[in-house]
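When reading the values below, keep in mind they use all heavy atoms of this one structure, side chains included, and skip hydrogens, waters and symmetry mates. Please read all numbers here as calculations on a predicted model, not as lab measurements.
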Amino acid sequence: MKKVMLVEDEELILQGIRNIIDWEALGLDVIHMAHNGKEALSLWEKEPVDLVVTDVEMPVMNGLNLLKEIRSRNERVRFVILTGYDEFEYARKAIQLDVEDYILKPIDEEQLEAVVKKALLKLQEMDQDNARKMEDRIGWQKFLEGGSGEEERKTFLSLLPKVKKAELLSAAVMKIDSRSMRKGDMSELLSILQEEACRVIHLKADTLLLIECFSTDYTWNGGEGETARKIRSGIHSRFSYLQNRLESELGIFTFIGIGPSFTDYEKLPEVYREAMRLQKYRMLDGYGSCVDENHIKNRGSKDVAIDETQLRKMILQKDRDGAINYIEDLFINNIRKDADVNNLFQTALKIAMLLWDIKGEYKLEEKNMQDLSDMVEGIYGAEDIFGLKAMFISEISEIITYLHTENSAYTPVVKQIMTEVQKNYKEELSLKTLAYKYHMNASYLGQIFQKEVGCSFTQYLSNIKNGIAKDLILNTNRRINDIAQEVGYTDTSYFYRKFKQCYGVSPASLREMKKY
């Protein structure tokens, strides 16, 4: 059954909407009932719904603002507006927000039921359209990866543009930086590419295959002569032009890997695999780059120097700042853009193995932490070197936090303070008030805490708050401002600063990385 939320500030009317039609008979389950937009938004973030029926004029947050907030998070959800005001301005705003209909109070039972059925039909059409698109994408993916049967293969080949005798083909995989995308950008992006390119195949939400045809009098044999180099340069310039146009007109950043040129579509799966292989260079070059085999063949193969013994020592000594600075320096200062990307991955895998060894040695693998396969997936899924760096900084910080809490050599008073912080981290805690509570000198207590835990009381409190905030950012859809309040930060900008010091990445950036 599809899920419904009803929003109305007057309880009597709210119950009336609940009972005026048989929601269950329509295949709907009313799971939320709210009295204002803020309450409704909070319920929606805990469990999203398919249909929202809401009043317009409500305290705290009105219906139109509620619609804007939900629409910014989900374009599929349908809305029905209820109001006692027969004003054009309401209707105009509602239309802009893509609502199903605008119903005046008192509510007519038949009209509400008809509008709800219309919303259900719209949801069904959207779901079917998405399913068709997904089916098409899966089919192309299967064909390009060589998994199609003979008949399917012929079908997909027939969908490609005809090639003239004097034409050369080139294919490139375009990866889109979803962080630079806004609502409605994809349709504009596809419109530009379809206008410019020979054929555009939408493989995934953020991945396109572009096929271009180039006229040439030269018989292509894949050689290395001057003419061949000029053709390769022209192809690279063409895809760079497409990339620059998307960036300048739409503000969308992409990374393009260009496969080898070919003359027969039978070669397309092979060319696609080569173009996909180049996608790993996004890690070093970043979005806004366009690479082909010629651009990477002269890159160095010298291994990146990593002192695993030193890094291990800093982690076990709970030197959080030292370990984080080491990772920062390794990835930002020692890995050059012209390096061999394979060595970058080898270095990252060495760090992952080191962290996994430490977890095993100190029995931390039982904790709710990433296992080795999760880390390897994170390495190959990272968008760029900054994402890779942030992942390791986060993991090292978490290991050090667990090493602190698992150490049984703490004196009773330090254990009591750590327990109090973990229970009451939202409160205004200070070493001075805790020292008074435990009848100790604040300066002396601070020295004991620093010596046993390996960091100051203030840093420990910050680490606990930031660890809980990280889990909320990754595992809920709550606003970052609300998360900051939840863990005891009244100033959101201060929270951002402390969180970035702890994990090397801002809360908003961490949530973006979650998508990858």
Side-chain angles (χ1 to χ4, degrees), residues 310-329 358-359 362-364 367-369 390 393-473 478 480-507 510:
Q310 182 184 354
L311 180 58
R312 178 187 177 85
K313 184 178 179 182
M314 286 187 285
I315 293 171
L316 296 183
Q317 288 180 343
K318 305 170 197 166
D319 182 3
R320 188 187 306 266
D321 291 341
I324 289 174
N325 288 337
Y326 183 87
I327 293 294
E328 287 270 5
D329 183 64
I358 292 173
K359 290 176 188 178
Y362 289 86
K363 297 181 171 55
L364 301 181
K367 305 297 180 183
N368 186 25
M369 300 176 72
I393 287 177
S394 173
E395 198 66 17
I396 288 169
S397 293
E398 206 155 343
I399 287 173
I400 291 174
T401 298
Y402 274 118
L403 289 175
H404 284 322
T405 55
E406 292 297 308
N407 193 331
S408 59
Y410 298 131
T411 55
V413 69
V414 170
K415 284 183 180 178
Q416 285 177 305
I417 290 174
M418 292 170 75
T419 301
E420 184 138 1
V421 168
Q422 288 162 18
K423 287 182 179 178
N424 303 311
Y425 58 86
K426 299 180 187 179
E427 310 300 327
E428 287 290 333
L429 295 175
S430 72
L431 199 61
K432 186 175 181 180
T433 55
L434 290 171
Y436 179 78
K437 179 177 179 179
Y438 294 110
H439 311 291
M440 295 184 70
N441 177 276
S443 176
Y444 177 63
L445 180 58
Q447 290 174 16
I448 293 175
F449 194 93
Q450 174 79 43
K451 181 179 179 181
E452 293 187 16
V453 180
C455 65
S456 67
F457 170 79
T458 304
Q459 182 64 55
Y460 181 76
L461 175 60
S462 177
N463 293 342
I464 294 295
K465 288 182 174 185
N466 290 327
I468 294 165
K470 187 194 77 166
D471 290 339
L472 291 172
I473 289 167
R478 296 177 63 179
I480 289 174
N481 285 2
D482 295 337
I483 290 173
Q485 296 284 335
E486 172 67 23
V487 298
Y489 286 102
T490 55
D491 182 348
T492 304
S493 62
Y494 181 66
F495 166 61
Y496 263 73
R497 192 161 62 250
K498 299 302 287 183
F499 191 93
K500 192 166 184 179
Q501 284 175 2
C502 186
Y503 292 114
V505 63
S506 73
L510 181 65

Inset, instruction - Take atom OH of Tyr494 as the centre, draw a 6.0 Å sphere, and report whether it contains more than 12 heavy atoms from other residues, nucleotides or ligands. - result: no
Legend entry - Residue list, side chain to side chain contact (heavy atoms under 4.5 Å, CB included) with Asn481, at least two apart or on another chain: Thr492
Inset, instruction - Say whether, by atom type as modelled, one donor and one acceptor occur between the side chain of Thr419 and the main chain of Lys415 under 3.5 angstrom. - result: yes
Inset, instruction - Could you tell me which non-hydrogen atom of Pro507 sits nearest to which non-hydrogen atom of Ile480, and how far apart they are? - result: C-CD1, 3.8 Å
Inset, instruction - Calculate, to the nearest 0.5 Å, the distance between atoms CD1 and CD1 belonging to Ile399 and Ile358 respectively. - result: 5.5 Å
Inset, instruction - Find out whether the Lys NZ or Arg CZ of Lys465 is both under 6.0 angstrom from the six-membered ring centre of Tyr489 and within 45° of the ring's axis. - result: yes
Legend entry - Close side-chain approach of Thr458 to Leu431, heavy-atom, < 4.5 Å: no
Legend entry - Residue pair Arg320 / Ile400: nearest heavy atoms and the distance that separates them: CA-CD1, 3.6 Å
Inset, instruction - Would you check if Leu445 and Ile417 make a side-chain contact, meaning some heavy-atom pair closer than 4.5 Å? - result: yes
Inset, instruction - Could you tell me whether the side chain of Asn441 and the main chain of Tyr444 form a donor-acceptor pair under 3.5 Å? - result: yes
Legend entry - Nearest heavy-atom neighbours spanning Gly322 and Asp319: N-OD1, 2.9 Å
Legend entry - Distance, nearest 0.5 Å, that separates NZ of Lys437 from NE2 of His439: 10.0 Å
Legend entry - Heavy-atom side-chain contact between Asn466 and Lys470 under 4.5 Å: no
Legend entry - Note: Glu398-Lys359 ion pair, threshold 4.0 Å (strictly below): no
Inset, instruction - State the CD-CG distance between Glu427 and Leu461, to the nearest 0.5 angstrom. - result: 11.0 Å
Legend entry - Side-chain donor/acceptor of Asp329 to backbone N/O of Asn325, under 3.5 Å: no
Legend entry - ring pair (Phe, Tyr, Trp, His ring centres under 6.0 Å) involving Phe457 - partner list, sequence neighbours excluded: Phe449
Inset, instruction - Specify the closest pair of heavy atoms between Ala442 and Ala435, including all atoms of both residues, with the distance to one decimal. - result: CA-CB, 3.6 Å
Inset, instruction - Just jot down the salt bridge (Lys or Arg N to Asp or Glu O under 4.0 Å) partners of Arg478, sequence neighbours excluded, or say none. - result: Glu486
Inset, instruction - Working to the nearest 0.5 Å, report the span between CD1 of Ile396 and CD1 of Ile327. - result: 4.0 Å
Inset, instruction - Report yes if some heavy atom in the side chain of Ser397 is under 4.5 Å from a heavy atom in the side chain of Ile324; otherwise report no. - result: yes
Legend entry - Separation between CD1 of Ile468 and NZ of Lys426, rounded to the nearest 0.5 Å: 8.5 Å
Inset, instruction - Considering non-hydrogen atoms only, spot the tightest contact between Leu472 and Val487 and give its length. - result: CD1-CG1, 4.4 Å
